[in-house]
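Just follow the structure's listing: the first ligand is 1, and inside any ligand the first atom is 1.
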Amino acid sequence: MQRLKIVFGGPMGAGKTQAIASLSDIPVVSTEALNTDLDAHAKVLTTVGMDYGELALDDGTSIGLYGTPGQERFNFIWPILSQGALGVILLIDHSAEDPIDDLERYLASFADMYEGRIVIGVSQIDRRPERPFAIYRDWLDKKERMLPIFPVDMRKKEDVLLLVESIIAALEHES
Ligand SMILES: Nc1nc2c(ncn2[C@@H]2O[C@H](COP(=O)(O)OP(=O)(O)OP(=O)(O)O)[C@@H](O)[C@H]2O)c(=O)[nH]1
Ligand SMILES: [Mg+2]
């Protein structure tokens, strides 16, 4: 059986762990610890190693879902987890102080070490509805980065699936 891998990256609180919990067919293995960096994000738990889940597609293909820790002090883990991945889903927290700065920094890190397909999901839009979604498109256009980008809520399985399918569709298109 073919074994495929998709990685979730992005800042603290964007919803990487939640995304895998929403989509996985198996109980998720996660490495969460008490968050001691409350300045970066107020949530109680944060990933300190990785999350792992699995998704079976209709054709029997099984996809391994890997979540990275968002804190930049763990950035040495990002390239290790991204090795051999079909694609990276970069999640951005729309309600963060400066989500464009997050996009710029995390995209630079992931694009630097990973040559494959990258898809962007912007979560937490409901928590900051007055901020326009167009800021991301405008920034990507300005930087001439033609990456697919979607507004998503990681608590919704169909939204996570949309991101995964966008990576798979791109691969089918390429092959
Ligand atoms: N309101 C709202 N909450 C969301 C949305 N997407 C995810 N969440 C919630 O936001 C929180 C995100 O937390 P995590 O999934 O732990 O974030 P993470 O990206 O794994 O963070 P680190 O492991 O610390 O890097 C969870 O409680 C989710 O349920 C969204 O679109 N709107
Ligand atoms: Mg996490």
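Taking the six-membered ring for Trp and the full ring otherwise, the centers of Tyr66 and Phe8 sit at least 6.0 Å from each other.
At the shortest separation from atom 27 (O) of ligand 1 among protein heavy atoms lies Gln18 OE1, 4.4 Å. Looking at atom 21 (O) of ligand 1, its nearest protein heavy atom turns out to be Gly13 N, 2.9 Å. For atom 9 (C) of ligand 1, the closest non-hydrogen atom on the protein side is Gln124 NE2, 3.9 Å. The protein atom (non-hydrogen) at minimum distance from atom 5 (C) of ligand 1 is Asp153 OD1, 3.3 Å. For atom 16 (O) of ligand 1, the closest heavy atom belonging to the protein is Lys43 NZ, 3.0 Å. The protein heavy-atom contact nearest to atom 24 (O) of ligand 1 is Thr46 OG1, 2.6 Å.
The side chain of Arg127, and not its backbone, has at least one atom closer than 4.0 Å to an atom of ligand 1 (non-hydrogen atoms only; side chain from C-beta on). By the criterion of a heavy-atom distance under 4.0 Å, neither the backbone nor the side chain of His41 is placed next to ligand 1. Only the side chain of Asp126 comes within contact range of ligand 1, with a heavy atom under 4.0 Å; no backbone atom does.
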| task | Could you go through the salt bridge (charged side-chain N to carboxylate O under 4.0 Å, His left out) check for Arg127 and Asp153 one step at a time? | result | CA-CA 11 Å; Arg127 298 178 61 210; Asp153 183 335; over 6 Å; no
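Residues forming a salt bridge (Lys or Arg N to Asp or Glu O under 4.0 Å) with Glu104 (at least two apart in sequence, or on another chain): Lys143. In terms of the side chain to side chain contact (heavy atoms under 4.5 Å, CB included) criterion, residue partners of Leu38 (sequence neighbours excluded) are, by chain and number, Asn35. Looking at residues two or more places apart in sequence or on another chain, you find a salt bridge (Lys or Arg N to Asp or Glu O under 4.0 Å) between Arg105 and Glu72, Asp101, Asp102.
Every atom of ligand 1 with a heavy atom of Met154 under 4.0 Å away is listed here by number and element: 6 (N), 7 (C). Set against the non-hydrogen atoms of Val152, the atoms of ligand 1 under 4.0 Å away are 31 (O).
At a 4.0 Å cut-off, not a single heavy atom of Thr68 sits close enough to ligand 1 to count as contact.
Counting only protein N, O or S atoms closer than 2.8 Å to the Mg ion (ligand 2) gives 2.
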